[in-house]
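To keep things clear, I will list the structure first and then write my remarks on it.
What you see is a predicted model, and the numbers here were worked out from it, not measured in a lab. Below, chains carry the letters A, B, ... as their sequence lines are ordered, and counting in each starts from 1.
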Protein chains: 2
Amino acid sequence: MRQVAERAGVSVKTVSRVVNGEPSVAPATLRRVLSAAAALDFQPDPHAGNLRRSDRRTRTLGLLISSVDNPFAGAIHRAVEDAAIGRGFAVFASSLDDDPEREEEAVAAFTRRRVDGLILTTSAQEQSYLEPEVRRGTPVVFVDRRPTGIACDAVVSDNAEGAAAATRHLLAHGHRRLAYLGDRPAIQTAGERRRGFLEALGQAGVPVGDAVIVEDLHDETVARKALLRLLDGPEPPTAVFSAQNLITIGALRALRERGRHRDTALIGFDDVALADLMDPGVTVMAQHPDDIGRIAAERVFARLDGDDSPAQRITVDTTLIERGSGEIPAPSNT
Amino acid sequence: MRQVAERAGVSVKTVSRVVNGEPSVAPATLRRVLSAAAALDFQPDPHAGNLRRSDRRTRTLGLLISSVDNPFAGAIHRAVEDAAIGRGFAVFASSLDDDPEREEEAVAAFTRRRVDGLILTTSAQEQSYLEPEVRRGTPVVFVDRRPTGIACDAVVSDNAEGAAAATRHLLAHGHRRLAYLGDRPAIQTAGERRRGFLEALGQAGVPVGDAVIVEDLHDETVARKALLRLLDGPEPPTAVFSAQNLITIGALRALRERGRHRDTALIGFDDVALADLMDPGVTVMAQHPDDIGRIAAERVFARLDGDDSPAQRITVDTTLIERGSGEIPAPSNT
DNA sequence: GCCGCATTTGACAACGATGTCACGATTCGA
DNA sequence: TCGAATCGTGACATCGTTGTCAAATGCGGC
């Protein structure tokens, strides 16, 4: 900046004025400064500016998700990015792999860089470690999972109701021997989905004993094996509710291996790529990660704009997408 | 920092020493400073430090890809992130949607933020706009597409050879009436894949006239319609080479709609999610985005560590994954 | 011709940190 | 016992920018 000032024969302050588009600069000076800046391809350092400036904003958001290499998280990321760009914000993303330790590290890495806001899918049991940062005034918005031990905005799917609706759908097609394949129950969303499943059974008057509940399935392989075991058992389920993405894929593999994919109903929670090209198409209870991301970004910006209302919890509905596998009727000979 | 210094009864410089782990600090002082820092939950501002520090590094990388919501780009992103974390770097990501204007804006947004390195999938015709940044010493590494008009490292798939190998695979299964479904030929990778396709035909002595080439297919719907037209035509192809992800999906849809998915061979360039669960499984020439991302990150860090050898072009091989659709033989009655 | 006012400009301190250097207090060897 | 080397510490300038305030300039009105 000093070089620009010298080249244009003005003071650094005047250059600063030009760069920031302040009004009281004579047209002739303006031109001189601009051409000098162009000649040196000068780019102002926003960090140095922020140091002195009053608002002290970095125009940067931190996004913490399961993994950037994951369709659900990717959709959230994209929605956040779209909202951020319009405001001149850049987005830092970090993958957590559902590892609470990694979560704290990643948050620290971002707060050190002075992000203006944080959007995160937490996997920690509780998030009081964020307390200092929140007190400092950084807006924090949780996506997909609600916070514990700290009052922050959260944008989540309606997991319980979505799971219940999926279950009712299976019941409506005559199924009684349902299998629920779920993730680790400690994961908040997993717990809620199981609750929805059980509530739907209860409301329909189906004894819980008729259903099989298998949990702790955190990847595709484990899910596949679990369902294979059920299919090979004495009373295989006539319908399967897979409560998560990877579990759905594992279930698909298992059904196919046993050639049961045309007579066993399946509904997955969360949409799966190319589900419509399978045979039969895979019925899912789809979430709306793009809406979740968009709304989360809106909350962050609202907070940055001074909204200091109490922490909100925003629920995004899920949508049943019928593609065939969920509409397979129960065998009539039961 | 001044507050910490006062609380501990030392000078700011001593606090700085503690924070940076410099050796010459008395244990007693160290403790006092640490406890004062903890009490105020002090976090040093890295930007202020960089202002004064000699190396002037922000420990930040900029990644510019087609979209964060895209499996190929997501895998690259993840690989870059994994490499970055180990070095204490954070990653800014930005989606370009193959829009050259957006590309320049996004690059500017990152260079203003003083990223230490850039990794990008360019969609501009040429990248001389990066010249000033490169001169400033920022390492730039291209992924997936080679640069034009500027000398920078590039990590790309072997598009021509991959396409040729895929084509040879189809020819080896007896096909002669091949269809090539490609993206806009202006896109570098698309051009190379077409070249590979044609070369393979030539080497096999198959007259080019036997093949149908349809291009400008930049999304799923257009690709689907294009293939439907071919299938409904007088001499439908017996094998299809779809030169890109979305085109493969469009092709799958078209084949399925006409019930030709069991007798028309298909090989896609670039892997597709759940391709193995289709019926038949989708044979693809898979790229290795994780390798591409990892190598690109390694190049950036090597440059940052002082490697000033000439710009390299690194080619990552593609891998044929046979899943069924590519092994469908040509009808024998031909 | 003088005064007041608006316009344009620059000097200076400050933001939060670190590099340099110098100072006083120890420790050590001769 | 003394000088030299070592250790721990702080004063100060500095990084690149902006906020504050005052100075210089030009203009119109009396």
| query | In whole angstrom, what separates A:Arg59's CZ from D:dT17's P? | reply | 17 Å
| said: Considering every strand and a 4.0 Å limit on heavy-atom distances, what is the contact class for A:Pro46: base, sugar-phosphate, or nothing? | reply: nothing
| Is a salt bridge present between A:Glu6 and A:Arg2, judged by a nitrogen-to-oxygen distance below 4.0 Å? | no
| message | Let's see if you can work this out: which of D:dC15, D:dG8, C:dG10 has an atom nearest to the side-chain heavy atoms of B:Leu51? | response | D:dC15
| said: Applying a 4.0 Å non-hydrogen cut-off, can you work out what B:Val19 is touching in the nucleic acid: base, sugar-phosphate, or nothing? | reply: nothing
| query | Can you tell me how far C1' of C:dA17 sits from CZ of B:Arg56, to the nearest Å? | reply | 12 Å
| query | Hey, does the side chain of A:Ser16 come within less than 4.0 Å of D:dT18's phosphate (OP1/OP2), counting only N and O? | reply | yes
| query | Any ion pair linking A:Arg87 and A:Asp116 (charged N to carboxylate O, less than 4.0 Å)? | reply | no
| remark: By nearest-heavy-atom nucleotide on DNA chain D, the more 5' of A:Glu22 and B:Gly49 is B:Gly49
| request: Would you kindly compare A:Asn20 and B:Pro27 by the position of their nearest DNA chain D nucleotide and give the one closer to the 5′ end? | output: B:Pro27
| message | Looking at A:Asp153 and A:Arg303, is there a salt bridge between them, counting it only when a charged N and a carboxylate O are closer than 4.0 Å? | response | yes
| request: Return the value, rounded to whole Å, for the distance between atom NZ of A:Lys13 and atom C1' of C:dA13. | output: 12 Å
| said: Please report the distance, rounded to the nearest Å, between CG in B:Leu30 and P in D:dC7. | reply: 17 Å
| query | OP1 or OP2 of C:dT9 less than 4.0 angstrom from a side-chain nitrogen or oxygen of A:Ser11, does that happen here? | reply | no
| Ignoring hydrogens and angles, are the base of D:dG10 and the side chain of B:Arg17 linked by a donor-acceptor pair under 3.5 Å? | yes
| field | Listed nucleotide nearest any side-chain atom of A:Val10, set D:dG8, C:dG16, C:dG10 | value | C:dG10
| remark: On a heavy-atom basis, the closest approach of A:Val25 and A:Leu30 is CG1-N, 3.9 Å
| said: Taking the basic N atoms (NZ, or NE/NH1/NH2) and the acidic carboxylate oxygens, is any pair closer than 4.0 Å for B:Asp290 and B:Arg294? | reply: no
| Spacing of B:Arg53 atom CZ relative to C:dG16 atom P, expressed in whole Å | 16 Å
| query | What about A:Arg52, does its side chain sit under 3.5 Å from the base of D:dT18 through a donor-acceptor pair? | reply | yes
| message | If I take atom CZ in residue A:Arg2 and atom P in nucleotide D:dT18, what distance separates them, rounded to the nearest angstrom? | response | 14 Å
| A:Arg57 CZ to D:dT18 P, straight-line distance once rounded to whole Å | 17 Å
| said: Using 0.5 Å steps for rounding, measure from the NE2 atom of A:His47 to the CZ atom of B:Arg114. | reply: 8.5 Å
| message | As a test of reading the structure: which of C:dG16, D:dA11, D:dT17 is closest to the side chain of A:Asp45, going by heavy atoms? | response | D:dT17
| message | For a quick check of understanding: with a heavy-atom distance under 4.0 Å over all strands, which category does B:Asn50 fall into, base, sugar-phosphate or nothing? | response | nothing
| Across the strands shown, which category fits B:Thr14 at heavy-atom distances under 4.0 angstrom: base, sugar-phosphate, nothing? | sugar-phosphate
| request: For B:Val15, report the nucleic acid contact type (base, sugar-phosphate, nothing); a contact means any heavy atom under 4.0 Å. | output: nothing
| request: Figure out the CD/C1' separation between A:Glu6 and C:dT9, and round it to whole Å. | output: 17 Å
| message | Nearest to the B:Thr29 side chain among C:dG10, D:dT17, D:dG8, which nucleotide is it? | response | D:dG8
| request: Please tell me which of the listed nucleotides, C:dG16, D:dT17, C:dT18, lies nearest to the side chain of A:Met1? | output: D:dT17
